[in-house]
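I have placed the structure first, in the form of structure tokens, so that the comments after it can refer back to it.
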There are 2 protein chains.
Amino acid sequence: MSACEKAFNALGDPTRRLIFEKLRDRPLAVVDIADGLSVSRPAVSQHLKVLREAKLITMYQKGTRSICQVDREGVLAMRNYLDNFWNEALAAFKLIAEQTEKDHE
Amino acid sequence: MSACEKAFNALGDPTRRLIFEKLRDRPLAVVDIADGLSVSRPAVSQHLKVLREAKLITMYQKGTRSICQVDREGVLAMRNYLDNFWNEALAAFKLIAEQTEKDHE
DNA sequence: ACTTACGGTAAGCAAATACTTACCATTAAG
DNA sequence: CTTAATGGTAAGTATTTGCTTACCGTAAGT
């Protein structure tokens, strides 16, 4: 279930979260992502690389522009991880509750 | 929706993810978390503080031991964020798809 | 062909952060 | 009361990592 190790690493950085959220509403070129942000374009490029390797975004060429968009794979992987985590935590909690109940009777 | 800023930061670190996952199956004392990990106990304490402030775990005293367990608040906040994100991304995608369809007729 | 727009990569720097050792406080047990 | 167990905090170090400038490559426009 640690297919999303990289995804958690990637979204651990506030600037990358900003970029990620910018792409939620529409695909954007690198240059469009960069302006409005307080960091340089090369910095953005580096962040995009991390997001790409985490499968949180995909990119394709369109002329000289590199268009970025969110990648369902990474997003769903994280969602799945958290769902799973929570279900198992809940199950474990119930098991322990039953156990301690037994101890008290 | 950025109630989980801290949660993403917290789970951005691999050691903290390890600790977090250790707690999925059962509550543990700090000392129990520390052994098995490759870092010192004080390091664990510091990580626990971060996880606590991110509302990913809660702690309570039991004698000299501090028992840690997962906190639903943080987990559900992240899950919610990702659900929301994905829904909005999907909606945006459809909107754009419809738009470009129009352009082609 | 020349120029402009776009963007990836490298090297170096600066800031953040994860880790260690040392120390102290609290609680239970002898 | 003394000792052992547990764990939080502080100070300092070291590693990581995010950022910048500089440079180069590619694709479109003139």
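Labels below follow one simple rule: chain letters A, B, ... track the order of the sequence lines, proteins then strands, and each chain is numbered from 1.
- Across the protein-nucleic acid pair, B:I57 atom CD1 and D:dG8 atom C1' stand 13 Å apart, rounded to whole Å.
- Atom pair A:K49:NZ and D:dG18:C1' shows a separation of 14 Å (rounding to whole Å applied).
- Across all strands shown, B:R41 has heavy atoms under 4.0 Å from base atoms, whether or not it also approaches the sugar-phosphate.
- Both A:L28 and A:I57 are part of a single hydrophobic cluster, where members link through side-chain heavy atoms under 4.5 Å apart.
- Taking both residues in full, the closest heavy atoms of B:K22 and B:D32 are given as NZ-O, 3.6 Å, listed atom of the first, atom of the second, then distance.
- When the C1' atom of D:dG18 is taken as reference, atom CG of B:D13 falls 16 Å away, rounded to whole Å.
- Between B:L51 atom CG and D:dG8 atom P the separation is 12 Å, expressed in whole Å.
- When atom types are taken as modelled, the side chain of A:R65 and the backbone of A:A29 share no donor-acceptor pair closer than 3.5 angstrom.
- Mapping A:S38 and B:L48 onto DNA chain D by nearest heavy atom places B:L48 at the nucleotide closer to the 5' end.
- Taking 4.0 Å as the cut-off between side-chain N and carboxylate O, A:R41 and A:D35 do not count as a salt-bridged pair.
- For the pair A:E53 and A:K6, the tightest heavy-atom approach, listed with the atom from each and the gap, is O-CD, 3.7 Å.
- Proximity of A:R16 to the phosphate of D:dG18: a side-chain N or O atom is located under 4.0 Å from OP1 or OP2.
- Taking every side-chain heavy atom of A:S40 into account, D:dT20 is the closest of D:dG7, D:dT6, D:dT20.
- The base of D:dT20 sits with one of its N or O atoms less than 3.5 Å from a complementary donor or acceptor on the side chain of A:Q46.
- A salt bridge links B:R17 with A:E5; the closest basic N to acidic carboxylate O contact falls under 4.0 Å.
- Chain B approaches DNA chain C over the interval C:dA18 to C:dA28, counting the first and last nucleotide 5' to 3' with an atom under 4.0 Å from its heavy atoms.
- The pair A:E88-B:R24 counts as a salt bridge, with a side-chain nitrogen and a carboxylate oxygen less than 4.0 angstrom apart.
- For the pair B:V44 and A:H47, nearest-nucleotide mapping onto DNA chain D gives the more 5' position to B:V44.
- In this entry the distance linking CD of B:Q61 with C1' of D:dG8 reads 10 Å, nearest Å.
- Non-hydrogen atoms lying under 4.0 Å from DNA chain C are contributed by A:A29, A:V30, A:V31, all within residues 26-37 of chain A.
- In this structure, CG on B:D13 lies 8.0 Å from CD1 on B:I19, to the nearest 0.5 angstrom.
- Counting only heavy atoms from C-beta outward, the side chains of B:V70 and A:F85 approach each other to under 4.5 Å.
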